[in-house]
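Accompanying notes for the structure given below.
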2 protein chains.
Amino acid sequence: MTTSLAEENYLKIIYRLCEGTKEDISTNSIAELTNNKAASVTDMLQKLAEKGWVTYQKYQGVRLTKIGQNIALSIIRKHRLWEVFLVEKLGYNWDEVHEIAEQLEHIESETLINKLDSFLDFPKIDPHGDPIPSQEGEIPELGYLHLSEVKLNETCTLMGVAKDSAVFLQLLTKLNLSLGARLEVLEINTFDRSVSLKIAEQEPIFISHEVAKNILVKV
Amino acid sequence: MTTSLAEENYLKIIYRLCEGTKEDISTNSIAELTNNKAASVTDMLQKLAEKGWVTYQKYQGVRLTKIGQNIALSIIRKHRLWEVFLVEKLGYNWDEVHEIAEQLEHIESETLINKLDSFLDFPKIDPHGDPIPSQEGEIPELGYLHLSEVKLNETCTLMGVAKDSAVFLQLLTKLNLSLGARLEVLEINTFDRSVSLKIAEQEPIFISHEVAKNILVKV
DNA sequence: ATTAATTTTTAGTCTAGACTAAAAATTAAT
DNA sequence: ATTAATTTTTAGTCTAGACTAAAAATTAAT
């Protein structure tokens, strides 16, 4: 069965919302991320349920079926592989690739994405540290922590980010925070949970809890 | 102003039809290539005229404006650069890339296509020998002949094809006819204008006028 | 346990881009 | 120069995917 662009975008966003929780996903939360009105979302959920990609109970929210999950994973796989291509081969920065990958992820061709995978030498993570699902929809569990969970005086390595927005990524770049950086937590302020960090050979820097929450690390 | 997918496909096809002739383009000829009905074409032509991309006189056919031409050329540029990418970098054969490039040509990003161009080392022709328009919409005139126009006993080099369909390209591959091949016209049958050809060190082969017409050569 | 607030759904509309059937122009044929 | 054939346009419809406004469920608050 074939998927329209609109359907693909809904599935992708429902997948993202499912990831965080065991609960069913609310109409409103989908409306927010798709930038549509709740009424439009209800419409689409009924279509997706009809096609067997979500289970949907009126007023009770949705959940992806196995098939729906696989479609979502294949879109995410394409998105992340294209991001690797854009950064590794075309020389983009990590904060510039999201919008273009949003378009490229809808290109339909099994062979294309596998040839691309091979051309890129089968990368396991994208430029933001997010894991790339396999062709079979396997997604390696990396077990990263949020930097906000790291204890005082511990040292960790920056492995990824939990948010792809350009402004956030540009901020990290400005602070000299990039994948692989070694970080030591020097101070955690109880007032606002902001954090003082030492990066390798540099002067300490200062980040808000909001930033720390969106940085993924390995201890 | 922004172009929809449908609009881009119309502009591309009108461009192709304009190329052959000085005449205005008929509604029916567009309908045939877009696989739409004439009534739908009329509808769209009115929209395109409204946007200033074609000049359109009821019952008298259409013609691209300068702006329309530039849009069409930018789509063709993208199509051909992606084809080079697919063949050179991903290892596709020349008969496999058309459908994928039809999708990729609609990806919207100025920087992307220029970075791709540079990554591919600024190719001048695509895998079928078609010239790649520059960013400014300049398209080098290559002055190729159709093999069907070459005189008896003349020798020429295969530079391109006038048709991208997979079956045609597969036939050429089977006959060992690829870009750069040296060809000598051994015989031209007056009955059906079929042609006997010698390719470099090989046994002579035999092709129909229809095939000869779609092969582009330099003498 | 009601009532109020919030969320979700239904009903009805709109737009882009397709369609069919019929009308209007144009072109070809006597 | 008419008439016939062909091409193109108009008028009216349909579908996907959005919307608003109002109705119906659910959840929160007294």
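Lettering of chains follows the sequences in order, A, B, ..., and the numbering in each one begins at 1.
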Identify which nucleotide among [options] has an atom closest to any side-chain atom of [X], counting heavy atoms from C-beta outward.
X: Y59(B); options: dA16(C), dA18(C), dT9(D); answer: dT9(D)
X: T27(B); options: dT9(D), dT8(C), dA18(C); answer: dT9(D)
X: A39(A); options: dT8(D), dT26(D), dT10(C); answer: dT10(C)
X: N36(A); options: dC19(C), dA18(D), dT8(D); answer: dA18(D)
X: A6(B); options: dG17(C), dG17(D), dT8(C); answer: dG17(C)

Take atom [atom1] of [X] and atom [atom2] of [N], then tell me their distance rounded to the nearest Å.
X: Q60(B); N: dT9(D); atom1: CD; atom2: C1'; answer: 12 Å
X: N35(B); N: dA18(C); atom1: CG; atom2: P; answer: 11 Å
X: L5(B); N: dA16(D); atom1: CG; atom2: C1'; answer: 15 Å
X: M44(A); N: dT15(D); atom1: CE; atom2: C1'; answer: 13 Å
X: I30(B); N: dT9(D); atom1: CD1; atom2: P; answer: 9 Å
X: D24(A); N: dT8(C); atom1: CG; atom2: C1'; answer: 14 Å
X: E7(A); N: dT15(D); atom1: CD; atom2: C1'; answer: 13 Å
X: L48(A); N: dA16(D); atom1: CG; atom2: P; answer: 13 Å

Is the shortest side-chain N/O distance from [X] to OP1 or OP2 of [N] below 4.0 Å?
X: S4(A); N: dG17(D); answer: yes
X: Y10(A); N: dA18(D); answer: yes
X: K58(B); N: dT10(D); answer: yes
X: Y56(B); N: dT9(D); answer: yes
X: K37(A); N: dT20(D); answer: yes
X: S26(A); N: dT7(C); answer: no
X: Q46(B); N: dT9(D); answer: no
X: N28(A); N: dT6(C); answer: no
X: T42(B); N: dT9(D); answer: yes

Between [Y] and [X], is there a side-chain donor-acceptor contact under 3.5 Å, judged purely by atom types and distance?
X: W94(A); Y: S178(A); answer: no
X: S194(A); Y: D192(A); answer: yes
X: N9(B); Y: H106(B); answer: yes
X: Y56(A); Y: D24(A); answer: no

Checklist entry - Once the angle between the rings of F85(A) and F119(A) is folded into 0 to 90°, is it parallel (under 30°), tilted (30 to 60°) or perpendicular (over 60°)? => result tilted
Checklist outcome for this item: In Watson-Crick or G-U wobble terms, with both distances under 3.5 Å, the base opposite dT27(C) is dA4(D)
Checklist entry - Paired with dT13(D) by Watson-Crick or G-U wobble geometry, both distances under 3.5 Å: which nucleotide is it? => result dA18(C)
Checklist entry - Which is true for S40(B) with a 4.0 Å heavy-atom rule: it touches a base, it touches only sugar-phosphate, or it touches nothing? => result base
Checklist entry - Is the backbone of W53(A) close enough, under 3.5 Å, to the side chain of T65(A) for a donor and an acceptor to pair up by distance? => result yes
